[in-house]
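Start at 1 and go down the list; that is how both ligands and their atoms are numbered.
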Amino acid sequence: MVKRRTPLAVEEAVKKVMDCKLEGKKEYVSIFESLDRFLAEDIKADHDIPRFDRSAYDGYALRSKDLADCTEENPLVLEVIDEIGAGYVCKKNIGKNEAVRIMTGAMLPSDCDAVVMLEDVVESSDGKPYITVTKQIHKGENISFKGEDVKEGVVLVKKGTKINAGTVALLATFGYEQVPVAKKPRIGVFATGSELLEVNEALEEGKIRNSNAYMIMAQIKQAGAEAVYFGKLADVLEESYEAMKESLADVDILLTTGGVSVGDFDLLPDIYEKLGAKVLFNKIAMRPGSVTTIASLDGKLLFGLSGNPSACFVGFELFARPIVRTMLFSENPHLPTASAILTADFPTANAFTRFIRSRTVLEEGVFYTGPSGTDKSSIVSSLIHANALTVLPGGKNGYKAGERVQVILLEGNFN
Ligand code: AMP
Ligand code: MG
């Protein structure tokens with residue numbers, strides 16, 4: 001007899017999964033390998049940037065007080081007593097009506113308090129070099145001040161931030177040759193189903209190629225975790241149980257696709273029981289993916305995603321991705337949401353919340369959203385151009401184009 005399953009609201013299901021706190025771990029990687037990883041510590045400035053007052057332009061460093069009365073009619077001639085490029089330091093004292101030729105980024109000599117740009121002076125020589133200035137130069141002019149960019153002690157990037165090119169620049173600035181990052185959670189993947197062929201196998205009557213495993217591995221990588229592919233399993237209980245039991249030891253999370261429904265060969269419920277895993281839920285009030293089953297065992301999570309490609313995709317994004325991001329120390333592990341205007345009718349009422357694979361576009365600051373293909377859980381082609389999931393809460397008598405709805409934005413762009 002088929003056991004009745006009680007559907008759980010999506011938010012409650014998400015909460016139940018998130019309550020199983022899987023701890024993230026830290027490791028160090030070379031700065032060269034740090035792009036797209038997630039910081040495992042706050043990055044704090046251990047010195048000011050700039051660390052010293054420096055010239056913002058190529059020009060002449062001078063004492064502004066010498067030029068207090070300087071005008072076009074009353075020009076001032078300064079003797080150039082030294083020249084410094086970026087990285088060099090002037091060792092001389094600069095006295096009245098003296099200047100130092102200085103290049104962008106060079107440290108301002110301590111006797112000087114301003115810089116006049118090269119293009120604002122006339123250079124001359126009588127064996128010794130001189131410049132003629134025809135305007136007042138104010139204290140602080142053309143200088144990048146110590147600490148104006150970053151003040152010592154400030155937390156610049158928070159733990160859990162995904163490292164981008166800008167973060168890499170900061171890491172280099174503060175001497176992080178080795179960067180503390182979250183260890184990528186290891187997620188094992190099995191595709192279950194006796195109908196499955198591997199990507200390199202020729203098609204046979206009644207069989208299909210396993211696409212879910214490859215899709216899920218791509219999603220795992222996009223989420224920031226490491227995918228470990230264990231292959232496909234035929235719908236045979238003992239074999240599947242043994243394979244899953246053995247593989248669990250090697251991963252933080254074990255993810256399977258298929259076999260979680262109530263069909264004759266849907267073996268995952270029995271396997272979870274045999275493993276002694278605690279099933280958190282096995283029915284969610286959502287479409288697609290209502291049979292998504294999640295279980296916990298010895299501090300690990302087992303995700304039983306539906307075999308239907310769209311259901312499998314949605315199940316991962318809603319339940320597995322936030323767990324991965326939490327293990328990567330993210331403060332906002334869930335995908336971002338936005339309000340959008342629906343561009344298609346969804347006339348039929350549905351008791352369950354629907355997650356429509358959608359193409360969402362941003363036009364003049366407004367999101368518009370419509371289905372990216374046929375809306376059936378068995379459909380794979382609707383995923384190609386999907387950049388969002390349109391959320392249509394259940395219990396309403398259909399939806400009409402023009403209504404405002406929520407969209408969950410997948411990684412991608414909106415044009
Ligand atoms: P199941 O959840 O095992 O009942 O499978 C539901 C549907 O998804 C069936 O039509 C399966 O053939 C299909 N399916 C299951 N696993 C995969 C897979 N790895 N790749 C593509 N389709 C699959
Ligand atoms: Mg199956």
Side-chain angles (χ1 to χ4, degrees), residues 2-5 7 13 187-222 227-244 247 251 253-275 277 279-295 302-320 352 354-355 357 372-384 386:
V2 173
K3 280 193 212 132
R4 266 188 83 87
R5 296 179 178 182
I187 306 190
V189 176
F190 277 114
T192 78
S194 296
E195 74 278 32
L196 300 178
L197 294 167
E198 223 24 296
V199 64
N200 56 351
E201 292 181 286
L203 288 173
E204 291 170 37
E205 192 102 282
K207 306 247 175 184
I208 60 167
R209 285 213 184 91
N210 161 25
S211 58
N212 286 349
Y214 297 92
M215 173 182 76
I216 282 292
M217 287 192 283
Q219 289 175 277
I220 289 171
K221 283 183 198 149
Q222 210 163 42
V228 186
Y229 186 39
F230 292 125
K232 60 185 169 67
L233 297 169
D235 296 316
V236 180
L237 181 64
E238 199 58 33
E239 268 175 49
S240 302
Y241 163 77
E242 290 295 340
M244 281 179 64
S247 307
V251 295
I253 291 169
L254 188 60
L255 204 149
T256 53
T257 83
V260 280
S261 196
V262 292
D264 294 346
F265 300 99
D266 289 326
L267 303 175
L268 265 296
D270 294 338
I271 294 172
Y272 291 142
E273 197 176 323
K274 221 166 139 77
L275 286 167
V279 173
L280 305 180
F281 49 80
N282 57 13
K283 186 87 178 169
I284 309 167
M286 65 184 264
R287 294 222 190 286
S290 68
V291 295
T292 306
T293 301
I294 301 176
L302 297 107
F303 285 81
L305 303 179
S306 165
N308 281 310
S310 280
C312 184
F313 180 92
V314 172
F316 181 89
E317 294 300 323
L318 294 188
F319 301 106
F352 287 180
R354 297 172 71 185
F355 293 88
R357 279 71 66 212
S372 51
T374 308
D375 184 55
K376 266 170 83 173
S377 72
S378 57
I379 293 280
V380 74
S381 56
S382 63
L383 294 171
I384 304 165

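- Protein heavy atom in closest approach to atom 7 (C) of ligand 1: Asn308 OD1, 3.3 Å.
- Counting heavy atoms only, Ser211 comes closest to atom 20 (N) of ligand 1 of the residues Ala213, Ser194, Ser211.
- Atoms of ligand 1 found under 4.0 Å from any heavy atom of Ile208, numbered from 1 in the order shown, are 12 (O), 21 (C), 22 (N), 23 (C).
- Of the listed options Cys312, Gly263, Gly259, Gly307, Gly259 places a heavy atom closest to atom 3 (O) of ligand 1.
- For Thr257, every heavy-atom contact with ligand 1 shorter than 4.0 Å involves the side chain, none the backbone.
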Taking distance alone, no hydrogens or angles, what donor-acceptor pairs closer than 3.5 Å link side-chain atoms of residues 281-295 to residues at least two apart or in another chain?
| from | atom 1 | to | atom 2 | distance (Å) |
| --- | --- | --- | --- | --- |
| Thr292 | OG1 | Gly289 | O | 2.6 |
| Thr293 | OG1 | Val291 | O | 2.8 |

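- Between the side chain of Thr192 and the backbone N or O of Thr257, at least one donor-acceptor pair lies under 3.5 Å.
- Less than 4.0 angstrom separates some heavy atom of Asp266 from each of these atoms of ligand 1: 3 (O), 4 (O).
- A heavy-atom distance below 4.5 Å is not found between the side chains of Val260 and Leu305.
- With sequence neighbours excluded, no residue forms a salt bridge (Lys or Arg N to Asp or Glu O under 4.0 Å) with Glu239.
- When side chains are defined from C-beta on, Ile220 counts as touching Phe316, because their heavy atoms get closer than 4.5 Å.
- Residue-to-ligand polar distances place Asn210 within reach of ligand 1: an N/O pair is separated by less than 3.5 Å.
- Distances from atom 12 (O) of ligand 1 to the heavy atoms of Glu195, Lys207, Arg209 show the closest one on Glu195.
- A salt bridge is absent between Glu195 and Lys232: the closest approach of a Lys/Arg side-chain nitrogen to an acidic carboxylate oxygen does not fall below 4.0 angstrom.
- Residue contacts with ligand 1, taken as heavy atom pairs separated by less than 4.0 Å, do not involve Val380 at all.
- Put simply, CG on Asn212 and CG on Asn210 are 6.5 Å apart, with the number rounded to the nearest 0.5 Å.
- Contacts between Leu196 and ligand 1, counted as non-hydrogen atom pairs separated by less than 4.0 Å, involve the side chain only.
- Rounding to the nearest 0.5 angstrom, the gap separating the CG atom in Leu268 from the CZ atom in Phe303 is 13.5 Å.
- From the protein, the heavy atom lying nearest to atom 17 (C) of ligand 1 is Asn212 ND2, 3.2 Å.
- No part of Val291 comes within 4.0 Å of ligand 1, judged by heavy-atom distances.
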